[in-house]
Amino acid sequence: MLKGRNLIDPMDFTLEEVEEILNLAENISKKREDYAHLCDGKILATLFYEPSTRTRLSFESAMLRLGGKVLGFSEPNSSSVSKGETLADTVRVVSCYSDIIAMRHPKEGAPIVAADYASVPIINAGDGGHQHPTQTLADLLTIRSIKGKLSNLTIGFCGDLKFGRTVHSLIKALSRYENNKFILISPKELQIPQYIKSEILEKNNIEFTQVENLEQVINKLDILYMTRIQKERFNNEEDYLRLKDSYILDKGKMDRASKDMIVLHPLPRVNEIDYEVDKDERACYFKQAQYGMYARMALISKLLGVI
Ligand code: NCD
């Protein structure tokens with residue numbers, strides 16, 4: 001039963017529950033008009049304490065396409081936060097004004113605090129460099145729709161694996177399906193956090209390798225998940241400038257990859273994927289954004305218990 005639940009971490013739902021959401025998202029994607037009034041009379045609040053366009057608009061579009069309404073802020077400085085209101089008080093109040101809350105916060109763990117005080121479901125739309133479980137639902141739906149499966153895949157994650165919360169969440173989620181292998185491609189300074197390695201990969205005996213060179217491994221991949229170097233999480237600009245162009249996926253590299261490999265990216269892209277790659281049929285990142293909206297439509301409907 002998903003009604004009334006929160007989504008803070010990708011492991012909050014069982015595999016069956018994730019499947020339930022993905023199945024609904026798939027049905028919505030096939031016949032959107034059938035779901036146009038599912039959330040009539042319901043309100044989604046989006047509390048974004050950190051910049052975002054895609055994720056916030058994806059949530060808002062999802063709710064509007066379900067017939068619901070949206071309110072919220074994308075600029076904490078224009079809200080009572082600037083007067084010193086605590087997160088706990090904000091969510092207590094916003095719980096009175098809305099039926100479900102999607103929030104993004106620069107502090108890791110902030111959505112857990114919010115969930116303690118809210119009386120409506122809380123969806124984590126990204127907490128610092130930690131987790132991003134709704135991007136994971138988007139990614140799972142994209143992979144399942146295009147590859148037809150979520151198991152027996154070799155997935156390459158490339159770029160900023162240290163701060164990239166979408167990577168952390170997707171690794172967690174994909175580690176629950178059988179026989180997935182990970183190739184983790186990053187500069188030494190931006191390797192995935194130790195807790196993902198020890199608590200997820202090693203603990204579950206999942207095959208993974210850490211490499212620095214994309215060209216050398218690209219031909220082994222079923223999925224290449226590119227990421228942006230997360231500038232806002234760096235302590236000093238010098239490090240960012242040194243690492244920002246560590247990987248640029250271009251036609252030359254795509255020529256080395258299998259014809260069935262797909263390229264994903266949570267977006268926004270800075271310059272880690274050359275624009276010429278967009279024309280390649282294996283580039284699926286814009287489809288992924290579309291799937292993200294369907295995944296959020298399904299998630300909102302399930303947490304509200306309207307279907
Ligand atoms: C990602 C995020 O916010 O973590 N973007 C998103 O959700 N669409 C990835 C990123 O910002 O690089």
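Just follow the structure's listing: the first ligand is 1, and inside any ligand the first atom is 1.
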**OP:** Could you list the atoms of ligand 1 found under 4.0 angstrom from a heavy atom of Arg228?
**Re:** 10 (C), 11 (O), 12 (O)
**OP:** With Glu17 as reference, evaluate Lys302, Arg176, Arg5 under the salt bridge (charged side-chain N to carboxylate O under 4.0 Å, His left out) test and give the passing residue.
**Re:** Arg5
Subject >> Heavy-atom nearest neighbour in the protein, as seen from atom 7 (O) of ligand 1, with distance rounded to 0.1 Å >> reply: His132 NE2, 2.6 Å
Original post:
Are Glu60 and Arg56 close enough for a salt bridge, meaning some N to O gap below 4.0 Å?
Top reply: yes
**OP:** Check whether NZ of the Lys or CZ of the Arg Arg296 lies under 6.0 Å from the centre of the six-membered ring of Tyr291 and within 45 degrees of that ring's axis.
**Re:** no
**OP:** Return a yes/no value for Pro268: is any of its N or O atoms, backbone included, closer than 3.5 angstrom to an N or O of ligand 1?
**Re:** no
Original post:
Starting from atom 4 (O) of ligand 1, which protein heavy atom do you reach first, and at what distance in Å?
Top reply: Arg165 NE, 2.7 Å
Subject >> Non-neighbouring partners of Lys172 that pass side-chain hydrogen bond (donor to acceptor under 3.5 Å, both in side chains), sequence neighbours left out >> reply: Asp9
**OP:** Output the list of atoms in ligand 1 that are nearer than 4.0 Å to some heavy atom of Thr55, sorted by atom number.
**Re:** 6 (C), 7 (O), 8 (N)
Original post:
Does NZ or CZ of Arg92 fall inside the cone over Tyr117's six-membered ring, less than 6.0 Å from its centre and within 45° of the axis?
Top reply: no
Subject >> Closest approach of any protein heavy atom to atom 8 (N) of ligand 1, naming residue and atom >> reply: Leu267 O, 3.0 Å
Original post:
Can you find an N/O atom of Glu232 closer than 3.5 Å to an N/O atom of ligand 1?
Top reply: no
**OP:** For Gly126 and ligand 1, answer yes if some heavy atom of the residue is under 4.0 Å from a ligand atom, otherwise no.
**Re:** no
Subject >> Ser246 side chain vs Leu243 backbone, donor-acceptor pair below 3.5 Å >> reply: yes
